[in-house]
Number of protein chains: 2
Amino acid sequence: MKFEAVTIKDIARALGLSTSTVSRALRGSYEISADTKQLVLEYAEKMNYQPNPIAKSLKENRSWAIGVIVPEIANNFFSQTINGIDATAYKRGYHVVITQSHESVEREVANVHNLVARRVDGLLVSLSMQTSDIAHFKSLQERGLPIVFFDRISEDISTFKVKANNYKGAYLATRHLIETGCRRIAHLTTASCLSITRERLEGYKAALSDCHIDYHEDYVKYFNDQSDVEQVATDLISMPEKPDAIFSASDRLTTACIAAIQKAGLQVPDDIALVGFTNLHVAEFLNPALTAVTQPAYEMGQIATELLIKLIESKKPIDTFETRILDTTLVIRASSGKKSLPQLL
Amino acid sequence: MKFEAVTIKDIARALGLSTSTVSRALRGSYEISADTKQLVLEYAEKMNYQPNPIAKSLKENRSWAIGVIVPEIANNFFSQTINGIDATAYKRGYHVVITQSHESVEREVANVHNLVARRVDGLLVSLSMQTSDIAHFKSLQERGLPIVFFDRISEDISTFKVKANNYKGAYLATRHLIETGCRRIAHLTTASCLSITRERLEGYKAALSDCHIDYHEDYVKYFNDQSDVEQVATDLISMPEKPDAIFSASDRLTTACIAAIQKAGLQVPDDIALVGFTNLHVAEFLNPALTAVTQPAYEMGQIATELLIKLIESKKPIDTFETRILDTTLVIRASSGKKSLPQLL
DNA sequence: CTGAAAGCGCTAACAT
DNA sequence: ATGTTAGCGCTTTCAG
């Protein structure tokens, strides 16, 4: 079960040269004669020589690997970002080692250690729902490990960050619901410590405020990984002053809402309208066709990777960091169609 | 921007020992005194020593990496298999390098070369739609590289394979459609050279045959990556003897069908029933709620990885290979509800 | 223009 | 029980 590969030594021996000459010839060094170069290159080609990246890594003390930590691979949004990460990394000669936190801090910390032990050249991170303290990233960053955060970022650390315009997405969604006549808009959202949660909540509040609608805490529900979303959604739509719209922050929340609404026998959008953050291709074919806030997931992966590689390859320490904010889009579909209510705006 | 790690040499110097003693102490060799062991272990712990896996790989001439080639990461089924691959590989001390063929043979071949150049210890492969010739895998296998195929496998090579019971899934789906009264069942499916395409077609044919329904070529449509699915679906449901059911082999095909059906103003399942292979969590919330053939994607990834590691770690060459067939399940929903037609069965 | 030798971090055969 | 040494594949001084 051995897979024998041609080495520089093999070439040197076969051609009666030294390994250093072969090495130099292969990388086109100016100090090697044209004849020797050609000889080496042709032989290497013929023997299908492939430099051993492991030896190269050991020598250079870097792995040409990028470590990625995401909450979940089997999630539409993250698999799309990974797609972008992958494409960009390969183009630049890096490979990608993907790990999942499964929304647990412990696993996030374990992954960080594992990736560092594997000597990744840098880290691309989207935080878990449980992560409030990011000491495990800070200490590494201080020791010089390049880290870029994307999507679920932290304010507590200064580095490159890439995120979607969650504020705008939430604002557009909420404003749109208001404009179609909704007044009691509930917001089901992710764990309260996440950046995306805060940003979306602010967009939601701003839209309400701009339209002179009071903000009600009772209409905002936070969910962690364990929550029984459908139960909460059911309770919500059974309230005396039940909401006439739900703005939901993830696919898991949205589907639970749909289930609860269906079971309650309510009509969308007439009894209750629905808008969700989603990157699902099938949003259009859901029942009801889902009005969606979409994020440029692929691009986010691309940009985060480019920034990380910039950090990794920079000669001098970088100390001015930007946070890139990518545009979000509202796609209006049947789940939030016009109502026959008087318009305020 | 350097990330300095503690090495065995550092420990040896600090403790006034030789590197080999430290190395042996760290791996608990019996020839080291308890005192020395403890000394080394404690100091290593204190300094947070992490063995350099790159050096280990160079020494052992193996990377502890598993290469994965899938058509597409941002695809429900494959991201679920990757999840399973990942979990199993990490548990066994391997990391995973994922690449995508994007349904192109050229990219598949390029990925293989890339992964081999990176010295992966083995390969986990699901073939691209364009791949009919698998010479690029055979030659590597002959040179001793462990390869396991999953989902989209090939008959032309002898090794471990893991697949879903596509025959059964297709049989159940077709039979179910027949039992609810459908007689003209179309089958939209993937590229004709894929194993999954053949197996599903056979299951489909067998169900028709068992129920004494003639097989019509016109009702079977194959699609590659480029095809205009919606156009073909539209043509299909405009046929004079238009189908009264569609059995579709992928999400992309299913959504195109739904779109075509919606545009034509047909009712599901009364005018036309629909069953699709899908691993989408939201299948239940599609319009119509989609009757689905589901595959155990996570498990498939797990099992394929276990088999690959078995191959990699086997002392003696393995020459008897099994093909693991995982069960598929039919989940009946509204898209294939009972019709008011006379029952044949 | 080319070769010899050292070293990246680790392990193991070979001393002692 | 511990140290010395060589070597995995490659790059890179340093010497010719």
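Every chain is numbered from 1 and lettered A, B, ... according to where its sequence line falls, protein lines coming before strand lines. Heavy atoms only: backbone and side chains are in, while hydrogens, waters and symmetry mates are out.
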(request) On DNA chain D, reading 5' to 3', which nucleotide is the first and which the last to sit with an atom under 4.0 Å from a heavy atom of chain B, could you check? (result) D:dA1 to D:dG9

(request) Do nucleotides 6-13 of chain C as a string where each nucleotide becomes B, S or -: B if the base has a protein heavy atom under 4.0 Å, S if just the sugar-phosphate does, - if no protein is that close. (result) -BBBBBBB

Atom pairs and distances, side-chain donor-acceptor, residues 306-313 of chain A, under 3.5 Å, sequence neighbours left out:
{"residue": "A:Glu313", "atom": "OE1", "partner": "A:Arg92", "partner atom": "NH2", "Å": "3.2"}
{"residue": "A:Glu313", "atom": "OE2", "partner": "A:Tyr94", "partner atom": "OH", "Å": "2.7"}

(request) Using the salt bridge (charged side-chain N to carboxylate O under 4.0 Å, His left out) rule, collect all pairs that involve residues 29-53 of chain A, keeping only residues at least two apart or in two chains. (result) A:Arg24-A:Glu31

(request) Could you list the residues that satisfy ring-ring contact (aromatic ring centres under 6.0 Å, His included) with A:Tyr43, not counting sequence neighbours? (result) none

(request) Write out all pairs satisfying salt bridge (charged side-chain N to carboxylate O under 4.0 Å, His left out) with one or both partners inside residues 93-108 of chain A, taking only residues at least two apart or from two chains. (result) A:Glu103-A:Arg152

(request) Can you sort out the partners of B:Ser79 under side chain to side chain contact (heavy atoms under 4.5 Å, CB included), two or more places apart, ordered by chain and number? (result) A:Ile73, A:Ala74, A:Ser79

(message) So if I take the C1' atoms of five pairs at each end of the helix from C:dC1-D:dG16 to C:dT16-D:dA1 and get each local axis, what angle do the two axes make, rounded to 10 degrees?
(response) 60°

(request) Report the residues that fulfil side chain to side chain contact (heavy atoms under 4.5 Å, CB included) with B:Ser132, sequence neighbours left out, ordered by chain and then residue number. (result) none

(request) Under the side chain to side chain contact (heavy atoms under 4.5 Å, CB included) rule, collect the residues that match up with B:Ser23, sequence neighbours excluded. (result) B:Ile8, B:Arg27

(request) State, yes or no, whether a side-chain contact exists between A:Ile11 and A:Val6 at a heavy-atom distance under 4.5 Å. (result) yes

(message) The criterion is side chain to side chain contact (heavy atoms under 4.5 Å, CB included); which residues satisfy it with B:Pro51, sequence neighbours excluded?
(response) B:Tyr49

(request) Output every pair passing side chain to side chain donor-acceptor pair (under 3.5 Å) with a member in residues 154-163 of chain B, not counting sequence neighbours, ordered by first then second residue. (result) B:Lys163-B:Glu199

(request) Describe the nucleic acid contact of B:Thr36 in one word from base, sugar-phosphate, nothing, applying a heavy-atom distance below 4.0 Å. (result) sugar-phosphate

